[in-house]
> 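The structure follows.
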There are 2 protein chains.
Amino acid sequence: MTTMKDVAKHAGVSKATVSRVLNKKGYVSKEAEASVLKSIKELNYQPNSVARSLYHKTSGMIALVLPDISNPFFPELARAVEDVALAYGYTVVFCNTDEEIEKEKRYFEALQQKYVDGIILSTSSQAPDEYHKLDLPLVALDRFLGENIPTVVSENKRGGELATQHLLDNGCKNLAHLRGPEGVGPAEDRLEGFRKVVSKEKCSYTVRTAGFDMERAKQETYKLFQDKPDIDGIFAGSDITAAGALHALSTLGKKVPEEVKVIGFDGIPLGQMFVPGITTMEQSIYDMGALAARLLIKQIEKKPIENYIHEFPVHLVVRGTTEEVMT
Amino acid sequence: MTTMKDVAKHAGVSKATVSRVLNKKGYVSKEAEASVLKSIKELNYQPNSVARSLYHKTSGMIALVLPDISNPFFPELARAVEDVALAYGYTVVFCNTDEEIEKEKRYFEALQQKYVDGIILSTSSQAPDEYHKLDLPLVALDRFLGENIPTVVSENKRGGELATQHLLDNGCKNLAHLRGPEGVGPAEDRLEGFRKVVSKEKCSYTVRTAGFDMERAKQETYKLFQDKPDIDGIFAGSDITAAGALHALSTLGKKVPEEVKVIGFDGIPLGQMFVPGITTMEQSIYDMGALAARLLIKQIEKKPIENYIHEFPVHLVVRGTTEEVMT
DNA sequence: GTATAATATGTAACCGGTTACATGTCAAGA
DNA sequence: TCTTGACATGTAACCGGTTACATATTATAC
């Protein structure tokens with residue numbers, strides 16, 4: 001590896017001058033600059049970013065902390081973050097916490113020691129205070145961590161309302177909501193939306209906790225129909241949950257959408273791969289990830305942030321599980 | 001941030017002694033050690049890994065270079081890599097190249113400047129020589145890059161054979177293979193397996209390129225049945241491709257598995273979420289990722305590697321798209 | 001009792017950049 | 001002609017660790 005010293009010697013100048021050329025800072029004569037640039041080329045010099053980090057106390061790295069990249073909701077988010085990061089010259093480190101506090105803490109320690117410039121959090125295991133203690137630029141993505149942390153979320157409550165309304169509009173009389181994990185913001189908000197609509201419309205309903213897990217959703221659906229065989233509309237807390245429900249319904253011999261209608265949430269690609277396609281409340285997953293990354297980089301670069309809460313609209317995407325549509 | 005200097009002062013020793021305590025290297029008296037440890041606690045000192053990196057020319061980071069994390073094959077792989085990395089104290093940086101040489105090159109530059117300790121490559125855009133020039137520990141994952149680069153792959157050819165044979169065993173007479181992208185190793189190997197069986201069995205067959213893309217697979221399937229309406233068995237190059245085919249078949253009104261049987265490849269979770277479940281050649285995705293990470297770390301830590309080529313067996317998982325099974 | 005080895009610790013250089021500061025040149029302005 | 005400031009460049013300290021080397025003390029051996 002050629003270092004700045006080598007370049008300096010080769011160009012017949014001091015390290016300082018080389019540095020000035022590289023950073024376009026301070027005064028450098030045309031001749032010196034030309035000479036340095038030539039030497040850089042000839043020696044194929046690449047500045048060492050670790051040395052730079054040490055001095056500047058920044059690393060050009062941002063971390064993406066999420067529960068589990070193999071949950072299909074996250075890859076697209078991660079992809080968006082990485083695309084934006086790349087465009088701005090940042091590198092993305094990713095951390096799967098499985099929502100375990102211990103793992104999260106270990107990551108935070110390691111990340112701080114590496115001078116990561118900021119963190120995007122899609123988990124919420126710890127108390128908000130902990131996050132502030134980090135004294136690092138943060139962005140909350142798909143979670144809410146506190147007033148003064150920039151936040152990017154979907155209109156989950158409204159989505160819950162719209163999804164529920166969609167079932168009712170399609171003639172469902174007995175609704176079930178397979179809700180996401182307790183304590184997880186978006187899941188709570190979707191439930192709230194569901195509650196709001198069913199109580200206003202005074203229709204019969206039930207709520208079961210299915211996490212965001214396909215297998216569990218399947219089991220809960222079996223139980224659900226054991227208890228309440230007349231359910232004709234299911235609002236699943238996620239598309240994965242919907243897939244689980246559809247599985248169970250298929251086994252139970254219930255026809256979708258004729259006998260039971262199902263709507264999911266998220267708008268992950270899985271939904272349109274399914275046959276029939278899963279009706280869902282689509283989130284702008286990629287855009288959310290991209291915005292989160294941009295908000296983080298803004299903070300890192302000390303640029304002002306106008307809004308702290310960014311709520312993305314959700315869109316009803318009607319597919320085969322609620323209406324018989326042409327494919 | 002407290003530094004070693006602070007700790008040294010507080011403990012009444014020199015930086016060198018603090019370093020010795022931290023690294024358990026060289027001679028340190030019991031008293032000095034106790035004093036240093038106490039100071040470390042009291043000052044809540046955390047060593048700065050950037051400074052350490054600068055001296056050691058290593059970073060404790062490994063990079064995972066893949067085409068696109070939002071391709072459902074990769075999240076599980078990434079997860080496995082990250083799990084192992086975490087266990088060994090490494091951090092994972094991830095890089096989506098979209099199989100573009102330019103992107104890949106930019107990443108490599110950035111990674112070298114950051115002293116990444118090694119790279120796991122699930123892409124193959126560049127010529128093998130380029131990879132050797134890096135002079136960094138490498139592991140090829142799901143791709144073959146050269147004899148002397150440790151490689152972790154599935155038995156793709158054998159998988160192709162087994163999948164094809166499974167269709168024949170189930171009575172298919174007119175086969176189609178929706179092959180993966182040209183030039184991509186696993187896709188070529190699966191095709192080779194397909195060819196081997198169909199030519200031996202002398203059955204009618206056709207091959208279409210569908211990439212690993214659902215929409216394209218759908219379109220190719222439409223075209224396929226336009227040309228050859230009597231196709232009764234489809235070997236899709238990936239589960240995503242299979243999903244696309246199933247979509248098209250549903251639209252075409254072809255009954256699966258009665259009229260047409262479909263088998264995919266990969267064993268991604270999508271397959272079992274589907275109704276009917278997608279029969280597939282299952283790869284040990286997680287195990288492959290985990291092994292790749294271990295092989296990389298072995299190289300980084302200069303431990304001997306016994307085998308350079310690791311071929312994981314594939315397993316036929318029979319689901320609803322080839323046989324009518326109980327769910 | 002002296003040579004020798006093991007133990008203990010500090011000093012300073014180094015990793016590869018960045019930059020405050022000192023110094024020097026040269027041209028414009030008084 | 002002398003002052004002043006823009007321009008140019010080098011020296012050295014610094015970021016926060018690590019370690020070769022020097023030095024000092026104590027224990028062991030002969």
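Letters go in sequence order (proteins before strands), and every chain restarts at 1. What you see is a predicted model; the values in this text were computed from it and never measured.
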> Would you give me the side-chain donor-acceptor pairs under 3.5 Å for residues 27-34 of chain A, sequence neighbours excluded?
from	atom 1	to	atom 2	distance (Å)
A:Ser29	OG	A:Ala32	N	3.2

> Could you tell me which residues satisfy salt bridge (charged side-chain N to carboxylate O under 4.0 Å, His left out) with A:Glu301, sequence neighbours excluded, listed by chain and number?
A:Lys303

> My understanding is that only residues two or more places apart in sequence, or in another chain, count here; which of them pass side-chain hydrogen bond (donor to acceptor under 3.5 Å, both in side chains) with A:Glu306?
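In terms of side-chain hydrogen bond (donor to acceptor under 3.5 Å, both in side chains), with neighbours along the sequence ignored, A:Glu306 is linked to A:Lys298.
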
> Please enumerate all residues that pass side-chain hydrogen bond (donor to acceptor under 3.5 Å, both in side chains) together with A:Asn71, with sequence neighbours excluded.
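Listed in chain order: nothing, the list is empty.
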
> Between the axis at one end of the helix from C:dG1-D:dC30 to C:dA30-D:dT1 and the axis at the other (five pairs apiece), what's the angle to 10 degrees?
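Terminal axis comparison yields 50°.
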
> I need the full list of salt bridge (Lys or Arg N to Asp or Glu O under 4.0 Å) pairs touching residues 37-51 of chain B, with sequence neighbours left out, sorted by first then second residue.
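Qualifying pairs, neighbours excluded: B:Lys38-B:Glu42.
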
> Rounded to whole Å, how long is the line connecting atom NZ of B:Lys24 with atom C1' of D:dT19?
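In whole Å, D:dT19 C1' lies 18 Å from B:Lys24 NZ.
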
> As a quick check of understanding, evaluate side-chain contact (heavy atoms from CB on, under 4.5 Å) for B:Lys114 and A:Asn48, giving each step before the final call.
CA-CA 7 Å; B:Lys114 288 195 155 64; A:Asn48 177 317; over 6 Å; no

> Nearest-Å distance, OH (A:Tyr115) to P (D:dG17)?
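Answer to the nearest Å: 7 Å.
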
> Check the distance between C:dG17's P and A:His56's NE2 and give it to me in whole angstrom.
13 Å

> By the 4.0 Å heavy-atom rule, please label A:Ser19 as base, sugar-phosphate, or nothing.
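Base: the residue A:Ser19, judged by heavy atoms under 4.0 Å, touches a nucleobase.
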
> Could you tell me the separation between the CD atom of A:Glu31 and the C1' atom of D:dC7, rounded to a whole number of Å?
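Nearest whole value for this atom pair: 12 Å.
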
> Can you tell me how far P of D:dC14 sits from CE of B:Met1, to the nearest Å?
21 Å

> Between B:Thr97 (side chain only) and B:Glu104 (backbone N and O only), is there a donor and an acceptor less than 3.5 Å apart?
no

> Looking at residues at least two apart in the chain, or sitting in another chain, which of them share a salt bridge (charged side-chain N to carboxylate O under 4.0 Å, His left out) with A:Glu182?
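Scan of A:Glu182 (salt bridge (charged side-chain N to carboxylate O under 4.0 Å, His left out), adjacent residues dropped) gives none.
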
> Output the residues of residues 7-18 of chain A in contact with DNA chain D, where contact means a heavy atom of the residue under 4.0 Å from an atom of the strand; sort by number or write none.
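Residues of residues 7-18 of chain A under 4.0 Å from DNA chain D: A:Gly12, A:Val13, A:Ser14, A:Ala16, A:Thr17.
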
> When the distance from CG of A:Asp6 to C1' of C:dG16 is rounded to whole Å, what number comes out?
10 Å

> Could you tell me which residues satisfy salt bridge (charged side-chain N to carboxylate O under 4.0 Å, His left out) with A:Glu188, sequence neighbours excluded, listed by chain and number?
A:Arg179

> Choose from C:dG17, D:dT19, C:dA6 the nucleotide whose nearest atom is closest to any side-chain atom of A:Arg52.
C:dG17

> Can you sort out the partners of A:Lys15 under salt bridge (charged side-chain N to carboxylate O under 4.0 Å, His left out), two or more places apart, ordered by chain and number?
none

> Please walk me through it: do B:Arg79 and A:Asn96 pass side-chain contact (heavy atoms from CB on, under 4.5 Å)?
CA-CA 8 Å; B:Arg79 177 66 213 243; A:Asn96 297 105; 3.6 Å; yes

> Just jot down the ring pair (Phe, Tyr, Trp, His ring centres under 6.0 Å) partners of A:Phe94, sequence neighbours excluded, or say none.
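Only B:Phe94 meet the ring pair (Phe, Tyr, Trp, His ring centres under 6.0 Å) criterion with A:Phe94.
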
> Look at the side chain of B:Tyr55 and decide which nucleotide, out of C:dA8, D:dT9, D:dT18, has an atom nearest to it.
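For the B:Tyr55 side chain, the nearest candidate turns out to be D:dT18.
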
> Return whichever of B:Arg20 or A:Lys57 has its heavy-atom-nearest nucleotide of DNA chain D closer to the 5' end.
A:Lys57

> Taking OH from A:Tyr27 and C1' from D:dT9, how many angstroms apart are they, rounded to a whole number?
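From A:Tyr27 OH to D:dT9 C1': 13 Å.
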
> Taking only N and O in the side chain of B:Lys25, is any of them less than 4.0 Å away from OP1 or OP2 of D:dT18?
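The answer is no; no side-chain N or O of B:Lys25 sits under 4.0 Å from OP1 or OP2.
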
> Round to the nearest Å and state the distance from A:Asn23 atom CG to C:dA20 atom P.
12 Å

> So which of residues 33-49 of chain A are in contact with DNA chain D, with a heavy-atom cut-off of under 4.0 Å?
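Of all residues in residues 33-49 of chain A, none places a heavy atom under 4.0 Å from DNA chain D.
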
